[in-house]
Every structure is written in C-alpha cells, then in structure tokens.
Amino acid sequence: MPHWPDRRALDLLRISQPILQAPMAGAQAVELAIAVSRAGGLGALPCAMLTPTQAAEQVSAFRAASSGPLNLNFFCHQPPTPDAARDQAWRERLAPFYRELGLGPDTPIPVSNRAPFDDAFCKVVEALRPEVVSFHFGLPAPDLLARVKASGAVVLSSATTVAEARWLAANGCDAVIAQGVEAGGHRGLFLNDEVCAQPGLMALLPQVVRAVDVPVIAAGAIADGRGMAAALHLGAAAVQVGTAYLFCAEARISAPHRAALMAAEDNTALTNVFTGRPARGILNRAMRELGPISPLAPAFPLAGGALAPLRAAAEAQGSGDFSPLWAGQGVALARATAHGLDASTLTQRLADDAHTWLRAQPAGVQ
Ligand SMILES: Cc1cc2nc3c(=O)[nH]c(=O)nc-3n(C[C@H](O)[C@H](O)[C@H](O)COP(=O)(O)O)c2cc1C
C-alpha cells in the first residue's frame with residue numbers, strides 16, 4: 001500500500017488512496033462505486049438522474065458490498081423557467097433531423113429527467129448518512145446545505161474558476177474540486193456562464209490551491225499515474241477521475257458511447273446541445289451541425305428532451321450521431337491506461353503508478 005505524504009484528503013474522506021471516482025450520471029450505477037471503494041478510493045453514486053427511492057436502493061446495495069465511505073452526488077441547478085417560444089425554436093431547428101430519421105412532427109418528447117437537490121433528496125441524505133455529499137453547479141440553498149452538514153457529511157463541490165473555489169470554500173465546502181476545462185461531462189460552472197473563459201487544470205489548480213485553505217481535489221484529464229502525480233505536485237490533495245473509469249466493465253454506457261471511446265483521439269469539445277449546459281464530449285454529428293454551442297438550446301436540462309427521440313432512433317441503428325458521448329480531453333490516454341481493467345484494478349494501478357512517479361521526483365510544497 002503506497003504511503004502518501006499529504007494526508008489531508010485521505011483523513012477528511014477516510015480513504016486510503018487519494019482517488020475519487022467521479023460521479024457520472026447516466027454512465028454508471030453502484031457496481032463502479034463498490035469496485036473503487038474496495039480498492040481504497042472514494043466510490044460515488046450520482047443521483048441527478050435517479051428518484052430518491054432509487055438513490056436509497058443504490059446506497060443499500062453499496063453498504064451491503066463495501067464498508068468504505070460513500071459519496072452521494074447531486075446537481076443543484078435552478079429549475080428552468082418554462083419558455084415555450086424557445087422550445088418551439090429548438091424543435092424547428094431539429095425538424096430536418098426528425099424528417100431524416102423518419103420521426104413524425106407529433107413524436108412524443110420526453111421530459112428531461114435531471115432533478116436538482118431538494119427536500120426529498122435531503123431526507124435520503126439525513127436517513128442514510130453518506131460520509132460525503134458532493135454537488136455540481138454550486139451548492140444548494142443554505143437551509144438544505146445546513147441539513148446536509150448537520151447529517152455529518154463532508155461537503156464537496158466543483159469549481160471551474162478561482163472565484164468559484166473561493167465562493168465554495170466561503171460557503172461551507174470542506175474540500176473543493178478544481179475542475180479543469182479538460183474534464184469530461186458537464187462543466188460545474190455556476191458564478192457566470194462564460195464558458196470560453198474556463199481555464200485548464202495546469203493553470204487553475206495551483207491558483208485554487210493558493211486561494212483556499214481547504215484541501216483541493218484535481219479533476220480533468222487525469223488518466224494515468226503521471227497525470228495523477230503531476231496534480232499532486234501542483235498541490236492537489238487528491239484527484240477525481242471520470243473518463244478513465246468509463247473504460248471499465250462496471251461503467252454503464254451505450255454501445256455507441258463505448259465505440260466512440262475506443263476510437264477517440266483528442267477530438268472532444270464543449271457543447272450545450274444535449275442538455276442546455278456546457279459539457280465535454282467526443283465530437284459527433286449533433287455537436288458539429290447544431291453547435292457545438294447553440295444559442296437556440298433551451299435551458300438546462302430541457303434541451304435534451306427534443307433530442308431524445310433522435311438519439312433513440314439513431315442508437316437503434318447503431319449510431320451515436322445524436323448521443324452525448326461524454327469524455328474528457330485525456331480520453332486516449334485513459335484508454336491506454338484503463339481498457340480491459342476492472343475499476344478496482346484501475347484504482348490500484350493509478351495509485352501505484354502515481355506513487356512511483358512521486359518517489360522519482362518528490363513532491364514540492366506549494
Ligand atoms: C460521463 C460523465 C458523466 C459525469 N457526470 C457527472 C455527475 O453526474 N456529477 C458530477 O459532479 N460530475 C459529473 N461529471 C464530471 C466529473 O465529476 C469530473 O469533473 C470529470 O469526469 C473529470 O474529468 P475526466 O473525465 O477527464 O477524468 C461527469 C463526467 C463524465 C465523463
């Protein structure tokens with residue numbers, strides 16, 4: 001078992017390896033969290049696309065299989081204000097694709113199912129007491145956050161800028177995740193929507209480490225032991241890894257997503273066309289022809305509703321043209337490290353390799 005000189009995140013999160021499995025809504029269930037936890041990392045259950053009952057069931061399954069700590073993850077966006085004109089403009093923009101795929105104009109459009117943290121989810125936290133609760137898109141309202149903290153949970157959230165990191169630390173986060181622009185999936189940005197100004201991890205991480213007193217967790221294209229060691233050298237107390245775990249058998253992703261991960265090089269981009277919020281995925285037809293950033297996309301998470309029938313029709317033909325193919329910029333590196341490994345072995349491999357790199361070049365002090 002490697003000896004880690006910086007114990008801040010290990011002690012705070014009660015883990016033995018400074019590796020957090022990124023919660024990945026829509027791409028994983030409890031098996032991934034269990035596997036990472038068994039290897040000494042922090043397993044996470046994303047709840048953004050679950051009902052409170054489903055979340056509670058997954059927590060029970062985790063508890064039955066691992067004695068390690070658990071991170072329950074929630075989105076805390078403002079629910080969108082209905083905007084029928086914008087919805088209509090988006091449907092008109094998508095109409096040629098509907099025609100191409102043989103979908104009629106009266107095709108039912110599902111309601112997008114990403115629910116923000118609310119009283120019902122808070123009751124799950126209070127009843128099941130996960131050791132860690134993490135949020136994406138800022139923090140929930142102060143009364144809800146106070147209840148989460150009173151449950152005893154360590155609170156984490158992602159910062160995409162130094163200002164967001166300062167805000168999170170000042171508003172109750174026990175550790176801050178510095179999410180570089182390289183990261184796969186949704187950007188956690190919440191203080192502004194200037195997505196073109198988002199810094200990469202190499203610039204963001206040391207500045208966040210300097211700006212806040214709480215431990216900093218690095219996220220974004222950390223896909224092998226070298227990357228993990230580099231993040232620890234830059235002052236991170238731990239790393240959060242997403243894309244690399246998508247290559248493990250425990251990930252639950254569509255066949256087109258898996259095929260795209262297997263073929264990807266450095267062809268990812270930020271797009272809002274799948275949900276209305278910027279997120280990083282492998283470039284595909286929907287991103288190229290609708291965006292990648294579209295001013296027409298309805299507010300998060302509503303953009304996804306009208307795309308869902310296109311996605312289903314294309315996936316039925318084996319195509320990922322209209323699927324969100326979430327991945328970070330390190331996707332090819334992640335494939336080289338992780339393809340063919342189970343998530344426990346990947347966690348152990350990252351820890352061992354990072355440790356070797358750190359011993360070769362002992363970490364400096366920020
Ligand atoms: C498929 C996928 C889904 C994600 N879903 C979530 C989520 O539900 N909650 C969250 O806090 N972060 C989510 N993220 C972002 C991760 O927390 C993290 O910032 C990112 O995975 C790190 O970059 P990497 O993917 O390059 O390792 C997701 C990332 C991916 C790749």
Side-chain angles (χ1 to χ4, degrees), residues 19-29 32-33 36 41-50 55 58 71-77 113-117 132-139 155-160 164 168 173 176-190 198 200-201 204-205 217-224 227-228 231 236 238-248 250-254 257-258 260-261 264 266 268 270-271 274-275 277-282 300-301 323-335 337-338 346-347 350:
I19 299 175
L20 287 73
Q21 168 239 315
M24 294 186 285
Q28 62 148 122
L32 184 64
V36 172
L42 182 64
L45 283 176
C47 298
M49 296 170 79
L50 302 180
Q58 293 210 5
N71 172 13
L72 269 199
N73 174 261
F74 302 95
F75 286 1
C76 48
H77 54 285
N113 63 343
R114 287 171 175 87
F117 187 69
V132 181
V133 172
S134 65
F135 295 104
H136 217 39
F137 315 134
L139 289 171
V155 172
L156 311 178
S157 185
S158 292
T160 65
E164 287 180 350
L168 291 174
C173 271
V176 169
I177 302 160
Q179 190 196 34
V181 77
E182 304 89 334
H186 283 99
R187 310 288 310 134
L189 80 171
F190 60 94
Q198 295 262 286
L201 190 61
L204 177 68
L205 176 57
I217 295 153
I222 297 171
D224 60 17
M228 178 170 161
V239 297
Q240 176 157 291
V241 175
T243 300
Y245 284 114
L246 294 178
F247 287 91
C248 298
E250 293 89 343
R252 284 209 196 155
I253 54 177
S254 66
H257 195 175
R258 196 171 289 281
L261 288 167
D266 46 12
T268 68
L270 290 177
T271 184
F274 295 113
T275 64
R277 260 185 181 268
R280 183 172 296 282
I282 298 164
F300 182 87
S323 307
L325 306 171
W326 302 144
Q329 288 182 339
V331 56
L333 269 180
R335 182 170 64 239
T337 309
L346 173 58
T347 307
L350 288 170

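All ligand and atom numbering here is 1-based and tracks the order in the structure.
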Q. Mind checking whether Q179 has an N or O less than 3.5 Å away from an N or O of ligand 1?
A. yes

Q: First locate atom CD of Q28, then atom CD of E250, and finally report the distance between them rounded to the nearest 0.5 Å.
A: 10.5 Å

Q: Find all atoms of ligand 1 within a distance of less than 4.0 Å from any non-hydrogen atom belonging to A183, and give their numbers and elements.
A: 19 (O), 20 (C), 22 (C), 23 (O), 26 (O)

Q) At the 4.0 Å heavy-atom cut-off, does P23 count as touching ligand 1? A) yes

Q.
Tell me if the aromatic rings of F117 and F75 count as close, with their centers under 6.0 Å from one another.
A. no

Q: Name the option, out of I217, T243, L246, V239, that contains the heavy atom nearest to atom 24 (P) of ligand 1.
A: T243

Q) Between T160 and Q198, does any side-chain donor sit less than 3.5 Å from a side-chain acceptor? A) yes

Q.
Using the salt bridge (Lys or Arg N to Asp or Glu O under 4.0 Å) criterion, which residues pair with R258? Sequence neighbours excluded.
A. none

(Q) With rounding to the nearest 0.5 angstrom, report the CG to CG distance, L45 to L72. (A) 6.0 Å

Q | Region of F135 that comes within reach of ligand 1 [heavy atoms, distance under 4.0 Å] | A | neither

Q. For ligand 1, is there an atom lying under 4.0 Å from some heavy atom of S134?
A. no

(Q) With a 4.0 Å cut-off on heavy atoms, is Y245 in contact with ligand 1? (A) no

**Q.** Closest contact, heavy atoms only, A264 versus A332
**A.** O-CB, 3.8 Å

Q: Would you check if I253 and L261 make a side-chain contact, meaning some heavy-atom pair closer than 4.5 Å?
A: yes

Q: Specify the protein heavy atom at minimum distance from atom 16 (C) of ligand 1: its residue, its atom name, and the distance to 0.1 Å.
A: A22 CB, 3.6 Å

Q: Within a distance under 4.0 Å of any heavy atom of A25, pick out the atoms of ligand 1 and give their elements.
A: 5 (N), 6 (C), 7 (C), 8 (O)

Q. Hey, what do you get for CD (Q240) to CD (Q21), rounding to the nearest 0.5 Å?
A. 8.0 Å

**Q.** Best match, N71, T160, N73, L201: closest heavy atom to atom 10 (C) of ligand 1
**A.** N73

Q: Give a yes/no verdict on whether any heavy atom in A48 is under 4.0 Å from an atom of ligand 1.
A: no

Q. Shortest non-hydrogen contact from M228 to L350?
A. SD-O, 3.8 Å

Q) What protein heavy atom sits nearest atom 4 (C) of ligand 1, and how far off is it? A) M24 CA, 3.4 Å

Q) Heavy atoms only: which of G328, A178, G242 is nearest to atom 27 (O) of ligand 1? A) G242

Q: For W326, take its heavy atoms, then give the atoms of ligand 1 lying under 4.0 Å from any of them.
A: 1 (C)

Q. Among all protein non-hydrogen atoms, which one is nearest to atom 26 (O) of ligand 1, and what is the separation to 0.1 Å?
A. A221 N, 2.8 Å

**Q.** Residue, atom name and distance, where the atom is the protein heavy atom closest to atom 17 (O) of ligand 1
**A.** Q240 NE2, 3.0 Å

Q.
Measuring from atom CG of L168 to atom CG of L156, what distance do you get when rounded to the nearest 0.5 angstrom?
A. 10.0 Å

Q) Should one rank A219, G184, G281 by closest heavy-atom distance to atom 20 (C) of ligand 1, which comes out on top? A) G184

Q. Under 4.5 Å between any side-chain heavy atoms of H186 and F137, yes or no?
A. yes

